[in-house]
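Everything on this sheet refers to the single structure shown next.
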Amino acid sequence: MRKIAIIGMGYVGMTTALGLAKIGHSVIGVEINPDRIGSLRAGKLPIFEPGLDSELVDSIRSGRLQLTSSIEEAAADSKVFFICVPTPQDDNGAADLKYVIAVSEQIANWASPGSVIVVKSTVPVGTGEMLRNSIDRTDISFASNPEFLREGSALMDFMEPDRIVVGAENSEVAETILSLYDNIDAPKVSTSIISAELIKYAANAYLASRLSFVNDLAALCEQVGANVEDVVSGMGSDSRIGNRFLQPGPGWGGSCFPKDTRALVSVAKSHGVSLGIVGAAIESNDNAFSRVVARLKSLLGDELTGKNIAVWGLAFKANTDDTRDSPSLEIIKRLLSEGSRVNAFDPIATAPDWNGLTQVESAVTAASGADALLVLTEWSEFSEVDPKETAKVMNGSVVLDTRRILPVKEWSSEFDSFKILGSGS
Ligand code: NAD
Ligand code: UGA
């Protein structure tokens with residue numbers, strides 16, 4: 001059986017490789033980072049992602065996953081190549097395609113005639129066409145198969161996606177790629193490459209804008225004394241709106257929304273189109289971070305200098321160790337620049353090495369001696385921490401829960417100043 005080659009074994013590449021292996025394909029994963037490939041070969045997942053660790057062990061044991069650092073080796077026995085390498089933001093906010101270009105050139109050096117290069121990395125509209133024009137091989141085809149997984153539920157999102165989108169140069173190529181997903185029961189959407197590329201950015205920009213709307217609404221609720229939870233629940237029960245993805249928070253972050261919203265605005269601008277709504281969502285998100293800092297400051301008598309702040313949560317959301325563009329780190333940065341000291345706890349994620357920021361081993365240790373406690377990631381275990389014990393070790397009585405995860409009754413009876421984001425009281 002021919003293998004499917006997956007280039008770049010990060011969140012997306014690992015999920016794709018292990019997901020395809022789980023549904024019966026034979027896969028070869030290509031990774032250039034020696035530590036990462038060493039860890040994978042040893043059957044140890046280099047990231048925290050629920051469910052993927054046992055799939056890694058199973059697929060190595062069954063022989064359905066092979067690993068290499070060489071695209072040449074992968075090309076010897078593969079005709080389909082999924083590109084899953086990073087597309088970070090460049091200095092102008094656009095997507096930097098250097099890794100995607102380097103990998104497609106290498107694939108073109110080694111691929112046999114009839115091969116298909118499938119771009120799964122998130123790339124700006126026109127990338128498929130640009131790669132096609134820059135590669136001197138008319139005997140290989142290009143396709144786009146954007147990825148919609150969320151970190152923390154990556155495997156489940158692979159196995160039960162809302163849809164699978166494939167953009168291809170012709171229907172034969174589209175069918176080749178779609179047939180790889182025959183064992184997955186989901187609507188299959190077949191488009192041109194350019195439309196598939198745009199679907200991915202449109203989905204992320206829409207979701208990010210929706211959250212900015214909710215976070216702005218939460219700020220209004222605080223001012224007028226409404227409760228954002230009730231407001232979004234009433235709003236989301238309109239079936240045209242829907243209740244999912246309406247949870248207010250300290251601002252959105254992660255490895256994709258921030259860079260993808262900027263990249264979409266940048267692409268639109270280069271085509272003379274102003275995507276004002278997405279631009280406003282980005283600006284609103286920056287205001288969301290500032291609002292958290294301002295609210296905490298006002299709860300502390302308009303003073304942050306010299307204050308000890310306990311922070312619960314470093315990851316950009318629960319169930320991941322990823323801190324790329326984490327709202328938590330953005331807010332900590334602002335607290336430090338105002339002269340606070342921060343003791344942070346996260347069950348999995350690691351803190352950066354910043355002056356004034358100390359990572360500690362437990363939630364209660366972080367709270368010890370703190371003037372205020374700030375909850376920034378919605379890890380469910382935070383809801384189980386004893387408020388009495390926390391109150392005993394703290395110096396002050398300010399708690400600001402930006403994720404609405406702490407049980408209100410128990411916490412407000414222990415703390416004079418227990419506040420939740422999006423609620424005036
Ligand atoms: P990542 O940083 O976790 O992983 C990328 C991997 O590619 C790394 O392990 C890196 O060492 C490897 N790599 C880089 N150059 C290589 C090369 N020449 N050969 C082999 N390996 C190479 O990135 P990610 O989060 O998986 O994201 C990858 C792409 O998928 C990005 O475009 C991202 O926007 C998109 N995406 C990410 C997510 C997500 O939740 N993380 C979801 C959907 C789409
Ligand atoms: C997001 C998209 O949801 C995926 O579909 C997409 O594939 C991925 O980006 C990508 O392109 O990388 P992810 O970044 O893993 O997935 O995380 P989300 O669950 O979307 O959360 C993003 C941010 O929004 C987090 O900071 C999270 O806390 C915040 N969020 C999410 C809220 O504040 N409220 C919500 O209701 C949902």
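Order of appearance sets the numbers: ligands from 1, and atoms from 1 within every ligand. Numbers here are sequence positions counted from 1.
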Legend entry - atom 29 (C) of ligand 1 [closest protein heavy-atom partner, distance rounded to 0.1 Å]: Val85 O, 3.4 Å
Inset, instruction - Return the option from Trp252, Tyr201, Phe316, Phe245 holding the heavy atom at the smallest distance from atom 37 (C) of ligand 2. - result: Phe245
Inset, instruction - Please report which non-hydrogen protein atom sits nearest to atom 2 (C) of ligand 2, along with the residue it belongs to and the distance in Å to one decimal place. - result: Phe257 CE1, 3.7 Å
Inset, instruction - Check each heavy atom of Ala154 against ligand 1 and say whether those closer than 4.0 Å belong to the side chain, the backbone, both or neither. - result: neither
Inset, instruction - For atom 41 (N) of ligand 1, grab the closest protein heavy atom and report residue, atom and distance to one decimal in Å. - result: Glu151 OE2, 2.8 Å
Inset, instruction - Could you tell me whether some N/O pair between Tyr11 and ligand 1 is separated by less than 3.5 angstrom? - result: yes
Legend entry - N or O contact, Arg36 vs ligand 1, cut-off under 3.5 Å: yes
Legend entry - For atom 18 (N) of ligand 1, the protein heavy atom that lies nearest, with its residue and separation: Val103 CG2, 3.3 Å
Inset, instruction - May I ask whether Lys200 places a heavy atom under 4.0 Å from ligand 1? - result: yes
Inset, instruction - Provide the number and element of each atom of ligand 2 under 4.0 Å from a heavy atom of Glu151. - result: 15 (O)
Legend entry - Parallel, tilted or perpendicular, as decided by the 30° and 60° cut-offs, for the rings of Phe158 and Tyr181: tilted
Inset, instruction - Pick, from Lys317, Glu378, Arg210, the option with the minimum heavy-atom distance to atom 18 (P) of ligand 2. - result: Lys317
Inset, instruction - Kindly identify the option in Arg150, Met9, Arg324 whose heavy atom sits closest to atom 23 (O) of ligand 1. - result: Arg324
Inset, instruction - Would you mind running through ligand 2 and noting each atom that sits below 4.0 Å from a heavy atom of Leu246? - result: 36 (O)
Inset, instruction - Identify, for atom 7 (O) of ligand 2, the protein heavy atom at the shortest distance, and state residue, atom and that distance. - result: Leu149 O, 2.6 Å
Inset, instruction - Decide whether a cation-pi geometry holds between Arg163 and Phe148; the criteria are a distance under 6.0 Å from NZ or CZ to the six-membered ring centre and an angle within 45° of the ring axis. - result: yes
Inset, instruction - Ignoring angles and geometry beyond distance, decide whether Lys259 reaches within less than 3.5 Å of ligand 1 through its nitrogen or oxygen atoms. - result: yes
Legend entry - Nearest-contact summary for atom 33 (O) of ligand 2 - protein heavy atom, Å: Gln247 O, 3.4 Å
Inset, instruction - Have a look at Ile71, Thr16, Thr122 and point out the one with the heavy atom closest to atom 35 (C) of ligand 1. - result: Thr122
Legend entry - Evaluation steps, ring pair (Phe, Tyr, Trp, His ring centres under 6.0 Å), between Trp312 and Phe382: CA-CA 8 Å; Trp312 287 0; Phe382 294 159; 5.4 Å; yes
Legend entry - Sub-4.0 Å heavy-atom approach of Ala102 to ligand 1: no
Inset, instruction - Could you pull out, from Gly313, Gly253, Ala203, Pro146, the option with a heavy atom nearest to atom 22 (C) of ligand 2? - result: Gly253
Legend entry - Top protein contact for atom 4 (O) of ligand 1, by heavy-atom distance: Gly10 CA, 3.1 Å
Legend entry - atom 37 (C) of ligand 1 [closest protein heavy-atom partner, distance rounded to 0.1 Å]: Val12 CG2, 3.2 Å
Legend entry - Backbone or side-chain N or O of Thr87 under 3.5 Å from ligand 1 N or O: yes
Inset, instruction - Only heavy atoms count here, so choose which of Glu31, Met14, Glu49 is nearest to atom 9 (O) of ligand 1. - result: Glu31
